[in-house]
Amino acid sequence: MTAALYFPPEPGIPADQGSNVVAQADATFDVIVVGGGGSGLFAAVEAAELGRRVLVLEKNPRPGGMTSWAIGSLSSSASPMQKAIGIDDVPDAHFEDMALFHGPLLARDNPELRRAFVDNVPQTLKKLLDMGVVFFGPMPEPPHRVPRMHNVLPNSRSYGHALCRRARSLGVDVRLNHRAIRLIKEKGRISGVAAEHGGVIHRYFATGGVVLAGGDFSANREMKQEFAGESVAHADALVTTSTGDAIRMGLEAGGEIVNGDLVSGPQLRFLPPRNNLMTKLPPNRFLALIMKWSMTQLPPALIRPFIMMFLTTVLEPQRQLYECGAILINRAGERFTDECDRPQFSVPFQQDREAFILLDRALAEKFSKWPYYISTAPGVAYAYLPDYKRNRKDIFYQANTIGGLATKIGVPGPALEKAVAAYNQKPREGTPGLVRAPFIALGPVRSWVLTEGGLRINASMQVLGTNGEIIPGLYAAGATGQGGIILEGHGHHLGWAFTSGRLAGRGAATLA
């Protein structure tokens, strides 16, 4: 089988691999999926369950994508867990309640996509349960009229673990370190993907459809600048390889981005842990079931320290820390911003693009119990300062003097002493300043952002051109296909990733 590469070469790729070259296929499959995150893996599983030969191209050395760093909640109606506690919930009610989250963004929502989501997410949840994923809940989250938020155990890595296991059992060909670079078009339809591996360009063809599921463009400064503006362009991405490759490929095929100016964040979050229990224990079903039983049967004082090992990761420190008197310090030992006035926009311009949160003993005691918490995992637990001291020793520093603290966090002592002294002369209104030893630093924190715009699609997850017509053979899912649906509220992003992936995989399979 031969075909002409559709798009001009990227910089650094030999010109003889351009749009007029006839190329022999390296391999032919029924369905090709670009991206091995939650949406891409679900697309692959769905197509493989329909008996199709599926190839997944993942540019990273391991699958999982942004799904592995998500909070982990999934919101759905009509779940077995709801029915078990007597909740009679239906997609129509979920459709109505989702709109209540959107506020002024409601006018920018696509009701057709919202309807496709709420109608199909119950089956998505059921399939995850069938794969062995364990959930705790459902938990309430107003304005949902009933509890719909299902929280995965032990953490969001469980999704990728289950999906990879299911994909392998179905014979899905997952090729890691394969970076998709452009689409291939033949006879008026998208028919394959060119990908780079080890410096060599390979061409893979699909008898059915191609699914773009490569995530958002939160790590692509140029795309953030173009679509979301200067104010968010410098914020970091939780997944540094979320460079919008799949979205770019869709644009080159004639698609367009919808809601490209919308972002989640920027928000300050702690750096990921370098080494803790979360990175050591496999997210298997046995562990999850133990956690679920413990959360319902054991006293909270016994189970809570164990649960917090999995939750004190990249969570967001709350604004009330600063309102109560904590300050932000950069690598030069200087206080550089008003912490209550959008500090997330200032941190990216500091040395190493990061900062530390400083507290004293009074604040430490205050943020050790309800209602003063450092961060929260919605519907599961609140993390207090002792939780971070116990579980995140890599970001917790303590000393009896400001100079001693400066040494521990690696900033100039005189500069930090000067910054704290200046703050104490005029502390935040209603606070005494940072005056009681020991002194504590948490961090570093960085400013993270997720982009919310994606390729325009229809309810079958087919990519649409700028003229509104279907681009034959091309589908998009997850953040790549988030073209028009607004996903406010916890559990909707993951629910959309998995559900849109499932629908896109099914659609691509029907073409084979």
Side-chain angles (χ1 to χ4, degrees), residues 4 6-8 19 31-35 39-40 43 47 95 98-99 102 104-120 180 182-193 206 208-217 220 223 226-228 244-263 451-488 492-493 496-497 499-512:
Y6 181 40
F7 301 114
S19 58
V31 173
I32 298 176
V33 180
V34 175
S39 57
F95 179 85
M98 264 191 83
H102 297 345
L105 293 177
L106 180 60
R108 302 179 64 173
D109 187 39
N110 184 325
E112 181 185 22
L113 297 182
R114 187 182 356 138
R115 171 57 66 183
F117 168 61
V118 299
D119 285 349
N120 288 281
R182 65 177 73 90
L183 296 170
I184 298 171
K185 187 177 183 181
E186 182 186 45
K187 298 180 180 178
R189 65 181 293 270
I190 302 301
S191 59
V193 179
V210 172
V211 179
L212 297 177
D216 68 353
F217 56 91
N220 188 315
M223 290 183 73
E226 177 181 357
F227 294 104
D245 298 354
I247 293 177
R248 172 188 55 78
M249 291 163 63
L251 293 176
E252 291 172 341
E256 63 177 333
I257 287 184
V258 181
N259 291 337
D261 60 316
L262 299 183
V263 298
T451 55
E452 298 283 347
L455 296 172
R456 185 184 296 277
I457 58 173
N458 61 18
S460 298
M461 309 301 128
Q462 294 169 293
V463 178
L464 304 179
T466 55
N467 58 1
E469 298 294 320
I470 292 170
I471 299 176
L474 189 61
Y475 295 77
T480 303
Q482 198 175 317
I485 187 170
I486 302 297
L487 298 172
E488 297 293 301
H492 290 142
H493 280 87
W496 170 256
T499 301
S500 61
R502 191 166 64 82
L503 298 178
R506 182 194 306 167
T510 62
L511 300 181

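Atoms considered below: every heavy atom in the structure, side chains included; atoms not considered: hydrogens, waters and symmetry mates.
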May I have the step-by-step check of side chain to side chain contact (heavy atoms under 4.5 Å, CB included) for Glu452 and His493, ending in yes or no?
CA-CA 10 Å; Glu452 298 283 347; His493 280 87; 2.9 Å; yes

Measure from the side-chain N and O atoms of Ser500 to the backbone N and O of Trp496, and report whether any donor-acceptor pair falls under 3.5 Å.
yes

Should we say atom CZ of Arg114 is surrounded by more than 12 heavy atoms from elsewhere, each under 6.0 Å from it?
yes

Please name the pair of heavy atoms, one in Ala504 and one in Ala476, separated by the smallest distance, quoted to 0.1 Å.
CB-O, 4.2 Å

Determine whether Leu212 and Leu183 make a side-chain contact, defined as any pair of heavy atoms from C-beta on separated by less than 4.5 Å.
yes

I'd like to know if the side chain of Thr499 reaches the main chain of Phe117, judged simply by a donor and an acceptor atom lying under 3.5 Å from each other, with no hydrogens or angles considered.
no

Donor-acceptor contact present, side-chain Tyr475 to main-chain Gly507, <3.5 Å:
yes

May I ask you to decide if Gly454's main-chain N or O and Gln482's side chain share a donor-acceptor pair within less than 3.5 Å?
no

Heavy-atom pair of closest approach, residues Leu511 and Gly473:
CD1-CA, 4.0 Å

Exercise: identify the closest heavy-atom pair between Gly214 and Ala246:
N-CB, 3.6 Å

Can you give me the closest heavy-atom contact between Ala253 and Ile190, atom names plus distance?
CB-CD1, 4.4 Å

Smallest heavy-atom separation, Leu262 atom then Ile486 atom, equals CD1-CD1, 3.8 Å

With side-chain contact (heavy atoms from CB on, under 4.5 Å) as the test, pick out the partner of Leu464 among Glu256, Arg456, Glu469.
Arg456

Check: Asp216 side chain, Ala479 main-chain N or O, donor-acceptor pair, under 3.5 Å:
no

Show the nearest heavy-atom pair for residues Glu186 and Ser191, with the distance to one decimal.
CB-OG, 3.3 Å

Are Leu455 and Leu251 close enough, and set up right, to give a side chain to side chain contact (heavy atoms under 4.5 Å, CB included), and what steps lead you there?
CA-CA 8 Å; Leu455 296 172; Leu251 293 176; 4.2 Å; yes

